[in-house]
Student: 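Encoded as structure tokens, here's the structure I'll be asking about.
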Amino acid sequence: MFRDSGAVDQGRGVGKGGPLGFVRVRFAPSPTGYLHIGGVRTALFNWLFARREKGAFILRIEDTDQSRSTEEAICAIVEGLQWVGLDWDEGPLRQTDRMELYRQHALALFEQGLAYWCVCSAEELEARRKEAQAKGLQPGYDGRCRDRGIAKPSGDAALRFKAPRDGQTVIEDLIKGRVVFENSLLDDLIILRSNGYPTYNFSVVVDDALMGITHVVRGDDHLTNTPRQIPLFQALGFAIPRFGHLPMIMGADKTRLSKRHGATSVLAYREMGYLPDALVNYLVRLGWSHGDQEIFSLAELIDKFSFDHVQKSAAVFNPEKLLWMNAQYIKNGEQKRIAELLLPFLEQAGLGEAVKKAPTGWAERFVLALRERSQTLVEMATAAGTYLRDEIEIDQAAATKFLTQVIVPSLEKLTGRIEASSDFAVPALDQIFKQVLEEDGLKMGQLAQPVRVALTGRTASPGLFEVMELLGRERTLARLRKGIEQAKAGK
RNA sequence: GUCCCCAUCGUCUAGCCUGGCCUAGGACGCCGGCCUUUCAAGCCGGCAACACGGGUUCAAAUCCCGUUGGGGACGCCA
């Protein structure tokens with residue numbers, strides 16, 4: 001399942017090349033569920049930046065929460081990224097494979113007096129936090145173990161970092177610009193839990209440093225983590241990477257995008273018949289722009305992407321625009337590729353066998369006829385039933401309106417002529433049709449609609465001759481005959 | 001509660017840094033028209049925004065301050 005990670009030197013030096021040098025970015029999801037659409041956008045911006053700068057994009061799985069991480073989630077992340085075409089140069093690396101590194105670095109901080117053992121229990125801390133909050137005080141850790149000088153805790157103990165108590169931590173954010181935090185507002189965070197596992201804020205720092213990450217680009221929900229991480233980089237003696245905090249994606253009600261707003265799993269979009277390139281194009285425009293341009297090829301995105309034009313404010317996810325985008329990609333995509341992507345959907349619709357039996361090139365002709373009328377592959381596959389099944393249902397209202405007795409003679413004439421013709425190609429059909437119109441003094445619409453209803457059961461369809469071509473000669477004739485029967489029985 | 005971020009049509013955004021070219025442009029959606037064998041697609045047109053209040057300036061969507069509103073963070077989650 002995992003691609004070969006290649007030679008990953010875990011002990012690699014820090015920020016090789018430094019600024020202006022080789023760019024190394026990462027996407028670091030925690031495997032606690034499916035791959036979220038917001039995660040994909042974060043990954044995308046990182047990937048685009050890496051590709052543009054000819055740097056490396058690294059996939060790292062942050063699975064230090066053993067109670068919530070699952071293998072399924074890791075598979076979903078990998079599969080989701082692969083589907084949208086975001087390939088990584090290193091990884092997936094898993095933090096649980098690197099536990100020793102975190103422990104070593106944490107203990108090193110302790111040795112240097114930059115961290116201390118805290119024997120306050122989780123319950124006590126929780127109680128104190130609630131109490132402080134009730135009184136309207138700072139909910140953070142009060143630092144009571146900071147100066148106890150516990151050298152070797154007997155029972156459970158967590159290792160805390162001695163965070164700086166004064167001064168400021170300044171971030172020159174790639175997107176938000178300069179952001180300043182007062183160190184006095186930060187408490188001493190736990191870096192090693194009592195179970196020996198590192199906490200997030202510590203493992204990210206160790207990994208980002210050891211992996212030589214030059215630019216940390218993540219959601220802006222992490223902005224307030226940054227002033228806790230920067231002192232850690234410094235304490236550990238690592239170079240500090242650049243940071244960039246992307247705005248969040250929200251639902252229509254301006255709350256954080258969640259299941260309540262519809263599908264948020266990338267793979268759900270695959271199932272709903274979206275093209276990966278359409279989703280990518282939509283997502284990149286959610287927060288990034290290049291003048292008035294809406295549609296971008298991947299090559300263009302790589303060429304044009306820059307953090308300068310990333311929006312600072314959160315964006316509302318608009319499913320309708322995504323649908324439009326998808327329709328654009330279906331309409332303008334390479335016919336053959338669309339046909340290939342459509343195949344699984346046809347199979348799912350129970351039409352797999354029928355397509356195989358259809359004449360060569362049928363699927364591509366079908367795509368050509370339907371692509372301007374379909375917004376998703378699911379829609380397209382659904383429409384295929386009309387052309388691939390022997391029996392169709394004729395819409396009652398359509399039949400009543402168009403399959404009437406007056407049109408029967410013309411329908412019969414048309415059917416007879418088609419049957420008698422050895423040529424079933426579009427020009428020949430066109431010729432036959434026009435002739436019948438002329439002879440019977442009919443206008444196009446007067447005959448076209450009844451024929452359409454007979455052929456497709458509906459009043460809306462692609463051009464008639466395309467429809468006939470898709471149905472094939474035998475099926476076309478059979479449906480015309482059936483239509484005539486129904487017209488005779490009508491009014 | 002405290003800290004941080006943000007603020008242009010319903011939504012995504014251009015413009016803001018380097019004030020005048022902005023009568024604020026584009027896109028989705030919506031409405032109307034054209035095209036037309038139907039439905040689409042396409043094309044044309046319409047509705048629709050600088051959150052508010054103060055400054056600065058000859059001039060502010062653009063710069064400054066405040067207010068309001070929205071979002072995020074305050075875990076032995078990530």
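Predicted, not measured: the structure shown is a model, and the values here were computed from it. Proteins come first, then strands; the chains are lettered A, B, ... in the order of their sequence lines, and each starts at number 1.
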Student: With sugar-phosphate meaning primed atoms plus P, OP1 and OP2, does A/Pro227 contact a base, only sugar-phosphate, or nothing at under 4.0 Å between heavy atoms?
Tutor: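 Result for A/Pro227 = nothing.
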Student: Would you measure the distance from the C1' atom in B/A27 across to the matching atom in B/A49 and give it in whole Å?
Tutor: 15 Å
Student: Write down the distance separating the C1' atoms in B/C4 and B/U23, rounded off to the nearest Å.
Tutor: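 Going atom to atom, C1' in each nucleotide, I get 39 Å.
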Student: Would you kindly say whether A/Asp253 and A/His261 are connected by a side-chain donor-acceptor distance under 3.5 Å?
Tutor: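 A donor-acceptor contact under 3.5 Å links the two side chains.
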Student: Phosphate oxygens OP1/OP2 of B/A14: is one of them under 4.0 Å from a side-chain N or O of A/Gln311?
Tutor: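 A/Gln311 to B/A14 OP1/OP2: side-chain N or O found under 4.0 Å.
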Student: What's the gap between B/U13 and B/C6 when it is taken at their P atoms, as a whole Å value?
Tutor: 15 Å
Student: Under 4.0 Å between any heavy atoms, over every strand shown, what does A/Arg458 touch: base, sugar-phosphate, or nothing? Just pick one.
Tutor: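 Nothing, no nucleic acid heavy atom in range.
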Student: Have a look at A/Met250 and say if it touches a base, only the backbone sugar-phosphate, or nothing, with a 4.0 Å heavy-atom cut-off.
Tutor: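 It contacts sugar-phosphate atoms only.
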Student: Let me know the distance between CD of A/Glu123 and C1' of B/G75, rounded to the nearest Å.
Tutor: 13 Å
Student: Rounded to whole angstrom units, what separation is found between the CD atom of A/Glu320 and the C1' atom of B/G10?
Tutor: 10 Å
Student: So what does A/Phe181 touch, heavy atoms closer than 4.0 Å: a base, only the sugar-phosphate, or nothing?
Tutor: sugar-phosphate
Student: Could you tell me whether A/Cys118 contacts a base, only the sugar-phosphate backbone, or nothing, with contacts defined as non-hydrogen atoms closer than 4.0 Å?
Tutor: nothing
Student: Would a line drawn from the ring center of A/Phe27 to the ring center of A/Phe45 be shorter than 6.0 Å?
Tutor: no
Student: For A/His245, report the nucleic acid contact type (base, sugar-phosphate, nothing); a contact means any heavy atom under 4.0 Å.
Tutor: nothing
Student: Roughly how many Å is it from OH in A/Tyr197 to C1' in B/G75, rounded to a whole number?
Tutor: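 It works out to 18 Å between those atoms.
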Student: Taking the P atom of each, how far is B/G55 from B/G46, in whole Å?
Tutor: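 Straight-line distance between the two P atoms is 37 Å.
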Student: Over 60° means perpendicular and under 30° means parallel, so tell me whether A/His222 and A/Tyr200 are parallel, tilted or perpendicular.
Tutor: tilted
Student: Applying a 4.0 Å non-hydrogen cut-off, can you work out what A/Leu464 is touching in the nucleic acid: base, sugar-phosphate, or nothing?
Tutor: base
Student: Scan A/Asp63 against the nucleic acid and name what it touches under 4.0 Å (heavy atoms): base, sugar-phosphate only, or nothing.
Tutor: nothing
Student: Take atom P in B/G70 and the same atom in B/U8, then report the distance between them in whole Å.
Tutor: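 The answer is 14 Å between these two P atoms.
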Student: Roughly how many Å is it from CZ in A/Arg41 to C1' in B/U13, rounded to a whole number?
Tutor: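 Whole-Å distance recorded here is 13 Å.
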Student: Whole angstroms only, please: what is the CD-P distance between A/Glu182 and B/A73?
Tutor: 22 Å
Student: Look at all strands and tell whether A/Thr224 reaches a base, only sugar-phosphate, or nothing, counting heavy atoms closer than 4.0 Å.
Tutor: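 Base: the residue A/Thr224, judged by heavy atoms under 4.0 Å, touches a nucleobase.
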Student: Determine whether the side chains of A/Thr255 and A/Arg260 contain a donor N or O and an acceptor N or O closer than 3.5 Å.
Tutor: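 On atom types as modelled, these side chains qualify, holding a pair under 3.5 Å.
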Student: When you compare the side chains of A/Asp207 and A/Gln95, does any donor N or O come within less than 3.5 Å of an acceptor on the partner?
Tutor: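 Note: A/Asp207 and A/Gln95 side chains meet the donor-acceptor criterion.
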Student: With heavy atoms under 4.0 Å as the rule, sort A/Glu62 into base, sugar-phosphate or nothing.
Tutor: sugar-phosphate
Student: Compare the minimum distances between each of B/C39, B/G1, B/A27 and the side chain of A/Pro139, then state the nucleotide with the smallest one.
Tutor: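 Side chain of A/Pro139 sits closest to B/G1.
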Student: Looking at the side chain of A/Asp292, which of B/C6, B/U37, B/A14 is the nearest nucleotide?
Tutor: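 Closest nucleotide to the A/Asp292 side chain: B/A14.
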Student: In whole angstrom, give me the gap between the C1' atoms of B/C43 and B/C35.
Tutor: 8 Å
Student: Base, sugar-phosphate or nothing for A/Gln328? Non-hydrogen atoms, less than 4.0 Å.
Tutor: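 Touches sugar-phosphate only.
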Student: Is any side-chain heavy atom of A/Tyr197 closer than 4.5 Å to a side-chain heavy atom of A/Ser203?
Tutor: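 No, their side chains stay 4.5 Å or more apart.
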Student: Remember a base hit wins even if backbone is also touched, and classify A/Ile190 as base, sugar-phosphate or nothing at under 4.0 Å, heavy atoms.
Tutor: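 Base contact - A/Ile190 has a heavy atom under 4.0 Å of at least one base atom.
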Student: With a 4.0 Å cut-off on heavy atoms, is A/Thr64 in touch with a base, just the backbone sugar-phosphate, or nothing at all?
Tutor: sugar-phosphate
Student: Rounding to an integer number of Å, can you tell me how far A/Gln138 CD sits from B/C4 C1'?
Tutor: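 Answer to the nearest Å: 13 Å.
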Student: Looking at the side chain of A/His309, which of B/G26, B/G15, B/C5 is the nearest nucleotide?
Tutor: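 For the A/His309 side chain, the nearest candidate turns out to be B/G15.
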Student: With P as the reference atom in both, quote the distance from B/C5 to B/A41 in angstrom, rounded to an integer.
Tutor: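 It comes out at 44 Å once rounded to the nearest Å.
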Student: Counting any heavy atom closer than 4.0 Å, what does A/Arg371 reach on the DNA or RNA strands: base, sugar-phosphate only, or nothing?
Tutor: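 Nothing, no heavy atom under 4.0 Å.
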Student: Hey, would you say the A/Phe296 and A/Trp288 ring centroids sit under 6.0 Å apart?
Tutor: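 A/Phe296 vs A/Trp288: aromatic centres under 6.0 Å.
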Student: Find the distance A/Met248:CE to B/C4:P and express it as a whole number of Å.
Tutor: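 Value for this atom pair: 19 Å.
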